[in-house]
Amino acid sequence: MNGQEVSRVLINGKEFFGDDPKIATKNLPKEIIDKIQVVDTKTREEEFTGKEAESEDKTINLTIDEDKNKGFFSRASAGYGSGDRYDVSGIANYFENEKRISILASANNINSSGFSFDEVFDALGRSAFGLDLEGGNSGITTSRNLGGNYVDEWDDGKYDLVADYFFGGTDTENSSSIIRENILPDRSFFTTTETDSRVRNDSHRASARLEINLDTMTRITYEPRVNINISESENNSISQNSEADGELINTVETANFQENLRANFVNRISLTKKFGDKGSYITARINAQNNRQDNENIFFSEREIFSSNQVDLQDQLIDVQANDDQYSSRLSYRQNIIENLFLDMRYVLELRRYENQRNVFDFDTATSNYSDFNQNLSNEFKATSNIHTPTLGLRYETEKLRTGGRVGVLNANLDTDNISQQISFANSFTTFSANAFFRYKFSRSKSIWMNYSNNANIPTIQQLQPVEIVTNPVNIIVGNPDLSPSFNQSFRISFRNYDFKTRSGYNLFASFRHIDRQVVPVLITDDDLVRTTTYTNVNGAMNANMYAGYNNTLDTEGDDVMRYNIGLSGRFNRNIGFSNGVRFTSDIYTFSPSFTFTYERPDVFQLNPKLQLNYNNTAYDIFSNRNENFTNTEVGLQSTLFWPKNFTFGNDLSYYRFGNVSDAFESTSLMWNMSLGYQFLNDQATLKLIVYDLLKQNIATRRVTGQDFIQDVDQLILQRYVMLIFNLKLSRFGGMKGAPNANNGRTRYRRL
């Protein structure tokens, strides 16, 4: 929202389907809303203790009108179109004071997440557009979703429960063509790849939060969560590697089929006790997270090297089982020293145990089975770590001013035991951390915020293991046990002068991060394009971001609405890498100016033109002749006509131009989506005809610039279809059945 992220949407101060803001904002009828509040996002602990928010994100709290806080509302949509495209979705809600029960379901094959219900473009699904200045979504996804949410409290708020379950199933087909230039210090080679894939995934997600308020000063919170993913994937690819003059070096053909099970279980319990009314409190929290993974992969590859007429075959069954158990405890204490000044003390203990077993079996032609155990490519290891982090800080809080800081020590111990190769090693790290912040609120709409922080990131087990991992014969990985933790320093500043009521004002944001001892890969590529990768620490990596946005609502006569937004975002990344052992630096600059405008005459029409440019520049210190400079462009116009009465006619046109894309791919597109709807049954029903990608020009082409490569990608994308959709709304609030909207039931597309 105007340069600030809206991380939560609450209804009467409570979550609606977890933390997903889209489901709440798109499905709660506005006629039952009494007021809308935009506040700083707080954790449950901050809300209970009265501590000011640490986050700069925003939360929207929708309060239901008291005399309508009982009843139900439901919406359903069903559509079918050309090419057997379909979209079906529905949501039903029952609420009575503090109790709320919600159920939703959807199924479609148009790349939509469902639950959009926008009167103009609901069946399209914004994610279905598949195009943006970064390249957009790709593939064609068939999805199905089912979820339920329950919220209630008992005994005058002593017990407070939020629980939800969500099932999501997807089946995605995709194909891609890739042209990649790989840049080495003394040469370049090209890789062309054709890939087809299909991924099927079913996920089950359940979570709950039970709060027990023993009294006004004491709260116990229990939060369990379960997430299970079951997936199957098929992937086939053919690649050719050639010299710059076109001479073939090798070809690689791969095919693999994977079955994967991932399970995540989390249990968290906390106790918070407040002391007096001056903000002092103590919190104890215990967290247990248990992760399980079981992956089975049938992998086949055939690589032909032309210089030696060598053919390498790999036909294997790879079975991987991994357990990752993480336990942590945190003790926090805040003491009010004098008025508005607090002493904060915290101690965190983190324990982790990780086990990984990879068994590789080669195909045995004698038995026609994967029965030949491959000792060299199999691996089994265990790792344990413990991290201690004590911190001490001061914080000063008034209505206008919040400032403070804290310092701490991080001590980490890591022990690894590679059972397969009988190698064990231990590492110990100690680093210091600091944080300081300042926020001053000049008025309700104007504030400035600054923050400095540093932290350390410990290398991963794979990066530290001094063992060859030959899971891919053309990319051998060897860890480095002498790595040090990376050290990051970040500074952020934000200034906002924005009136949410008039939707006018401006917002400025900038951040800078410097990284010392960054862990980066060191790649060595031989003449046959076999790579060996290890890791080292480097200094000098950095990145910076900025955003400036100005919004203004113009004074108009009558009910007309005119407003515009001007935005400018920029990014700078300095990356340190190694190409064939030679260190290099790449600087990547991105600038994105944008302009959007809204002109609305209520119940007649709405116009939304926009313009966005994305300028990209990449400069290398050792590949100066391979520097990249290109601009992507988007020009769009959304128009909606609410005339004659009960009719809605919408058009969405977007022109895209992707700069500097290979001549082998399309680089321009004119997307045109159209919708014609008719409302009846007292505006509770809508019949609508939509046409997606009217000109059949949707593309998924993009250029990606990496540290030592330039890559053009063209992928499968959803294209033209025609669909007829029927929408129906039923509701009853506080004894009022089917209460109409203030604007004759029309719900038009809005942007925050």
Side-chain angles (χ1 to χ4, degrees), residues 7-8 39-59 211 213-221 223 268-287 327-351 386-412 430-441 447-457 485 487-494 511 513:
S7 57
R8 289 196 303 171
V39 297
D40 294 333
T41 297
K42 284 190 174 186
T43 64
R44 299 294 296 180
E45 180 182 305
E46 290 170 340
E47 291 174 355
F48 180 67
T49 61
K51 182 180 178 181
E52 294 294 338
E54 298 251 354
S55 171
E56 280 296 292
D57 294 346
K58 293 298 179 182
T59 290
E211 291 180 345
N213 296 293
L214 300 179
D215 51 50
T216 58
M217 309 295 286
T218 310
R219 171 184 286 179
I220 297 175
T221 304
E223 298 173 275
R268 178 183 299 156
I269 187 168
S270 62
L271 170 67
T272 301
K273 175 70 175 179
K274 296 189 290 186
F275 302 103
D277 58 358
K278 295 186 178 181
S280 299
Y281 67 88
I282 187 170
T283 296
R285 174 182 294 176
I286 298 175
N287 187 79
Y327 305 93
S328 66
S329 61
R330 189 188 77 178
L331 184 65
S332 303
Y333 177 71
R334 164 170 280 204
Q335 176 63 51
N336 177 249
I337 302 175
I338 58 175
E339 186 177 4
N340 302 323
L341 182 63
F342 302 90
L343 173 68
D344 288 333
M345 293 183 288
R346 178 184 295 179
Y347 174 75
V348 179
L349 172 63
E350 300 172 84
L351 305 175
N386 59 79
I387 302 175
H388 306 264
T389 313
T391 60
L392 181 67
L394 287 173
R395 190 177 179 102
Y396 181 77
E397 297 179 356
T398 66
E399 184 177 350
K400 289 185 173 292
L401 175 65
R402 298 207 309 259
T403 187
R406 61 176 179 262
V407 294
V409 178
L410 183 149
N411 175 258
T430 300
T431 62
F432 296 90
S433 64
N435 175 281
F437 72 95
F438 173 88
R439 178 178 179 179
Y440 187 78
K441 200 171 184 179
S447 64
I448 187 171
W449 174 83
M450 292 181 288
N451 173 269
Y452 167 82
S453 63
N454 62 45
N455 62 75
N457 291 323
F487 183 70
N488 308 308
Q489 298 185 81
S490 300
F491 177 77
R492 294 180 291 171
I493 183 170
S494 173
S511 67
R513 183 169 69 129

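Just so you know, these numbers come straight off a predicted model, no measurement behind them. Heads up: numbering here begins at 1 and tracks the sequence.
The side chain to side chain contact (heavy atoms under 4.5 Å, CB included) check on N336 picks up K278, S280, F342, with sequence neighbours excluded. Partners of T218 according to the side chain to side chain donor-acceptor pair (under 3.5 Å) rule, which considers only residues two or more places apart in sequence or in another chain, are D215, K273. R219 pairs by the salt bridge (charged side-chain N to carboxylate O under 4.0 Å, His left out) definition with E211, not counting sequence neighbours. Listed by chain and residue number, nothing satisfies the ring-ring contact (aromatic ring centres under 6.0 Å, His included) test with F275 (two or more places apart in sequence, or in another chain). Looking at residues two or more places apart in sequence or on another chain, you find a side chain to side chain contact (heavy atoms under 4.5 Å, CB included) between N287 and V266, R268, Q289, S328. Residues passing the side chain to side chain contact (heavy atoms under 4.5 Å, CB included) test with L392 are L343, M345, sequence neighbours excluded. With sequence neighbours excluded, the residues forming a side chain to side chain donor-acceptor pair (under 3.5 Å) with Y452 are N454, Q489, listed by chain and number. Take T431 and apply the side chain to side chain donor-acceptor pair (under 3.5 Å) test, not counting sequence neighbours, and it matches no residue. Considering only residues two or more places apart in sequence or on other chains, E350 meets the salt bridge (charged side-chain N to carboxylate O under 4.0 Å, His left out) condition with none of them. For N386, the side chain to side chain donor-acceptor pair (under 3.5 Å) criterion is met by H388, N413, not counting sequence neighbours. Take N451 and apply the side chain to side chain contact (heavy atoms under 4.5 Å, CB included) test, not counting sequence neighbours, and it matches N435, F437, W449, S453, R492.
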Working for side-chain contact (heavy atoms from CB on, under 4.5 Å), residues K441 and E399: CA-CA 8 Å; K441 200 171 184 179; E399 184 177 350; over 6 Å; no
K274 and T216: CA distance, side-chain angles, deciding distance, side-chain contact (heavy atoms from CB on, under 4.5 Å) verdict: CA-CA 9 Å; K274 296 189 290 186; T216 58; 6.0 Å; no
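Open room surrounds CZ on F432; 12 or fewer heavy atoms of other groups in view lie less than 6.0 Å from it. Under a cut-off of 6.0 angstrom, the local environment of CG in L394 is crowded, with over 12 non-hydrogen atoms contributed by other residues, nucleotides or ligands.
Here L401 contributes atom CG and R439 contributes atom CZ; the two are 10.5 Å apart, rounded to the nearest 0.5 Å.
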